[in-house]
Structure formats: C-alpha cells, structure tokens
Q: 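One structure follows; several queries about it will come next.
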Amino acid sequence: MRLFDTLTKAKVDLPDPPARIGMYTCGPTVYQRIHIGNARPYVISQWLKCWLELRGYDVKLVENITDINDRIYEAAPNHSAELAADATGWYLEDTEALGLGRPDAEPKATETIPEIITLIEELIEDGYAYEAEGDVYFRIERFPDYGRLSGQRPDQVEEQEPNPLKQDPRDFSLWKANKEGEDTWWDSPWGRGRPGWHIECSAMAEKFLGPSFDIHLGGLDLVFPHHENERAQSQAAGREFARIWMHNGLLRLDRKKMSKSVGNIAPLKDVLVRWGRETVLLFFMTAHWSKPIDFSDETMAAARARVDGFREIFRAPSQAGGDWDSFAAALEDDFNTPEALAVMHGWRDHELLRRAFGVFGLAALAEEQDAPPEVVELAERRRQARATRDFDEADRLREQIEAAGWEARDVADGFQLVPK
RNA sequence: GGCGCCGUGGCCGAGUGGUUAGGCAGAGGCCUGCAAAGCCUCGUACACCAGUUCGAAUCUGGUCGGCGCCUCCA
C-alpha cells in the first residue's frame, strides 16, 4: 500500500499488514453547517480506514473538531460556546447521513486544553517559543526545517500586518491572550486566553496517536500555514509527528474553490437531500483524492447515472467473472478510486460488487426495495391485460404504475417493478 | 513578488515511452404489442511550440491557459 506524500512529493509505502496505522484528519471549524467540500477529507478518511482494515491493518483514525477559533467568536458574539456546540451537532448529523461510520476518536480542541498548555510550556522551556503580554509565539528561526512541507521559503513569505509582540513577523501564535468580546477562555501560565489555531492539532494527535503516527490528512488549503506550523511545533518538541501527509484536492463550484468567502456554497445537508447519499459518494469516487473535483449539476447527474447502472446490475442474475486483484491494485497504488471504479464497472458478479461497495459505504446499491402491494396489484392486472392482448388497458395501467413512482417492465416470466 | 498543482475524445476521468482504460451522453441495430432493461456495432483523444528517441499523450525546455496557497479556509 502506498500513498502520495506532500512532504517528499513521492508515493510512500506503508509497512506491510498487519501493522498498526495511526491516522489523523483535520476536521472542521464548527461555526456553521459544512458544505460538500468540507466533507471530502471525512469521506476519504473513512474509506481509507475501511480499506486498510480490510487489508489487515489495525487502524486508529482520529478526526478533530476545532471548537475554539476567531471565526466562532465573530459568528456568535457573547455566546461562542453555544454556537460551537450547536455546529458540532450539525457536523455530526450531516456527516452521519453519509453512512460511513465515525472515526475512532473525534476530540475537541476545548477538551484538550491541559495537553495544549503542557506542550506550549515545553516549547518555551526549550527556547522554541516565547511569551509576550499574555500571547505565546513560536520562534520560526529556531526551527531550520520550517517551510519544507509547503515548499515555502520563510524569507519569501508575504508580510502580514505588523504585530509588535512578535520578534519576527513570521512567528505564529501558540496561545492568544483573551480580548474584549471573546467570551470563551481558559486560565494558563500566561494568563487568561485560548490556544492558537495550530497547536490544538499537535496536542490532539499526540494525545490519541502518540508522538508519531502514519498518516495526516487534510485539505490542500491547510498545507500552509496550518500543517507547516503543526509540524514545526511537534518536531521542535521532539516528536516525529506524521510520516505521510495526504492533502486532498479542493472541491470547485464554477471553476472556483467552494468557500464561504466566495459565497459559492452547497451545504452537504442540501446536497444529500437533492441527490442522495449514494450519488454523493460515487461523485467523490470519480476523482482521485488528491485532485480537484468540480461540483455541478452535470457531474452530479453523471454520478447518479452510475448509481442507476449499479442498481440495474442487481436486477439481473449475478454473472461470475471479474478480478478483485485489479480493484485492489488500484486502491493499493495511492488509493486510486477512479481506477477502482472503472474495474467495478466491468463486474456483473453480485458478491464481488457487494465486497467493493462495502469499502465505500455503498451497500444499499445492492438492495432492491419491494413495490407496495397496490402497485404490485396494478402490475398483476396489467399482466392479465397483456395476456388477453388488451394493450390499451395495459398502457393505462402502466401510466398508473408510473404515477405511483414505479416503472413496469415486461420480463420473461411476468413483470418487474423498478422504482423511478 | 514567492511556492505548488493542473491542461486527455461532446462531458467526467484513469494511464505515463511502443498494446482497448472506464463511465455518461450520442448514432445505428437486435429484442419488445409499444417500452424499459440487456446485448452488438460505431469515436484512434491527449493545450501549443521546439527538443531527446527507432518511437512521446507519457521524458526535457519554452509558451499559453486554468486553479490553489503565502498566518481565517477541508
């Protein structure tokens, strides 16, 4: 099993199974309902975990929830904690509807404050961080490897707004002193405040996975600064941290990244209602995890056509034939789901397909729902009409069946009812 | 200004030195009372320009275009 790693820009081999694999995925900042693009890392993580387990690995997947952040303060002045709690519930509800299960742990930043403080103290002690008026900053020049993950050269990083508390404008905050209007805080050795954005992930990953783990996953837009800073903090503190960095490509709407600032948002909840979970999952499968993916009516309709195609296969008898090994090989080589999907399209073997569906949460594609008795009754009357060659009556009955949401098909031994 | 990704047939999308990707859509046919489903047949594509090579969509250089990041972002 190998995966493309952002740090080395190469496909890196995982140890052979059975091995323990630690995975950490950067989850959402909870202040509003997530959009379909936010769901991509969650989906990829769950799929990858499932595949690795099928291959005999012992996987532990941790996905954090960032529930303390500037965005949350801004979105809910004076009741940031309530918003964070509500939005956490929305997130769990919306992703639950994808039917892929939960990570092994979903820690919240606000439940990891002691570990965060301990880690910051360690960094200060070793000279990697310094306190300034209740803030704590990471000292970039003490970490020579800074910039390696993202390819950024520290001397070229764009200057931000000057902050007189920083010794170097590129230093980033580990702890932020409480400010006016920020209604959630904790006491710390540096006074009342709250953690910076990056340190929480270093602390949570270590708390649940230990000082080193195999795979760190997150959106491509997190490479810099977020993951660069996580890595700097953890490695400065003597931890190996992540061995493989997987960055998923971004979802685009109208050729642009789907993001709140552009305003081109399709909430996951709404997309699921409109298209159904199988279509959404198959849509994600059509693109390699590392590549951008375009969200549009056309691409979703194409995904739905695949859904219909797979369902159709289960209305016909299973036909032996097909090769699990090619499917497995596609996933083993950088978890290439479009390739795996192409292999699946060649299969007519129900058991083989069911196995593959299991990896991607698509088991429902193999289940045909039964028509209600009144529709079966109409179909039976239609069968009799056809037997007496009363085709006008047969066509009238077909229209009634369609009005009830079903399609009547004539097959060798009678009829078949298919949901429309 | 710096860093990075990408450009494949009508659409989506693998491949990455010489052999069919696959799906969707489309055309014709078989089957059917008519359909649906299924099956058969039909597309020789890799942004552009040079170069390397016996041979390049695949390697190298350049050009053009799209996208992302540069301390809020999945």
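Sequence lines set the chain letters: A, B, ... in the order given, protein chains first and strands last, and positions in each chain run from 1.
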Q: Please classify the nucleic acid contact of A:Ala305 as base, sugar-phosphate, or nothing, using heavy-atom distances under 4.0 Å.
A: sugar-phosphate
Q: Just compare B:C69, B:A74, B:G23 and give me whichever is closest to any side-chain atom of A:His345.
A: B:G23
Q: Take atom P in B:G13 and the same atom in B:U8, then report the distance between them in whole Å.
A: 9 Å
Q: Examine the side chains of A:Trp51 and A:Glu332 and answer whether a donor and an acceptor come within less than 3.5 Å of each other.
A: yes
Q: From the options A:Leu272, A:Asp94, A:Val271, A:Asp270, select the one residue that forms a side chain to side chain contact (heavy atoms under 4.5 Å, CB included) with A:Ile36.
A: A:Val271
Q: Under 4.0 Å from OP1 or OP2 of B:C67: is there any side-chain N or O of A:Lys291 that close?
A: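 Answer no for this pair, as no side-chain N or O of A:Lys291 is under 4.0 Å from OP1 or OP2.
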Q: Does a donor on one side chain sit under 3.5 Å from an acceptor on the other, for A:Arg102 and A:Thr95?
A: yes
Q: At less than 4.0 Å, is any side-chain N or O atom of A:Asn163 found next to OP1 or OP2 of B:U71? Yes or no.
A: no
Q: Just compare B:C34, B:A14, B:A36 and give me whichever is closest to any side-chain atom of A:His288.
A: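 The nucleotide sitting nearest to the side chain is B:A14.
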Q: Which part of the nucleic acid, if any, lies within reach of A:Leu220 when heavy atoms closer than 4.0 Å are counted: base, sugar-phosphate only, or nothing?
A: nothing
Q: Below 4.0 angstrom, which residues in residues 24-41 of chain A have at least one non-hydrogen atom near RNA chain B?
A: A:Gly27, A:Thr29, A:His35, A:Gly37, A:Asn38, A:Pro41
Q: Report each atom pair, protein N/O against N/O of nucleotides 38-41 of chain B, whose distance is under 3.5 angstrom.
A:
none

Q: Between the base of B:G13 and the side chain of A:Arg306, is there any donor-acceptor pair under 3.5 Å?
A: no
Q: With heavy atoms under 4.0 Å as the rule, sort A:Ala301 into base, sugar-phosphate or nothing.
A: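 If one applies the 4.0 Å heavy-atom cut-off, A:Ala301 turns out to touch nothing in the nucleic acid.
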Q: Under 3.5 Å, is there a donor-acceptor pair linking the side chains of A:Asp294 and A:Thr299?
A: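 Looking only at side-chain atoms, A:Thr299 and A:Asp294 do not form any donor-acceptor pair under 3.5 Å.
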Q: With respect to the phosphate group of B:C67, does any side-chain polar atom (N or O) of A:Lys256 fall under 4.0 Å of OP1 or OP2?
A: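 Yes, within the criterion.
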Q: Is the NZ or CZ atom of A:Arg355 positioned over A:Trp324's six-membered ring, under 6.0 angstrom from the centre and within 45° of the axis?
A: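 Relative to the ring axis of A:Trp324, which defines the angle, A:Arg355 lies inside both limits.
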Q: If we ignore angles and hydrogens, is there a donor and acceptor under 3.5 Å between the side chains of A:Arg139 and A:Gln167?
A: yes
Q: Return the orientation label for the A:Phe310 and A:Phe357 ring planes: parallel under 30°, perpendicular over 60°, tilted otherwise.
A: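 A:Phe310 vs A:Phe357 ring planes: perpendicular.
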Q: Closest approach to the side chain of A:Asn336, judged atom by atom: which nucleotide of B:C70, B:A14, B:G33 is it?
A: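 When the side chain of A:Asn336 is considered, B:A14 is the closest of B:C70, B:A14, B:G33.
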Q: In this structure, which stretches of RNA chain B are paired as stems of three or more consecutive Watson-Crick or G-U pairs, both distances less than 3.5 Å?
A: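 Correct response: B:1-7 with B:64-70, B:10-12 with B:22-24, B:26-30 with B:38-42, B:47-51 with B:59-63.
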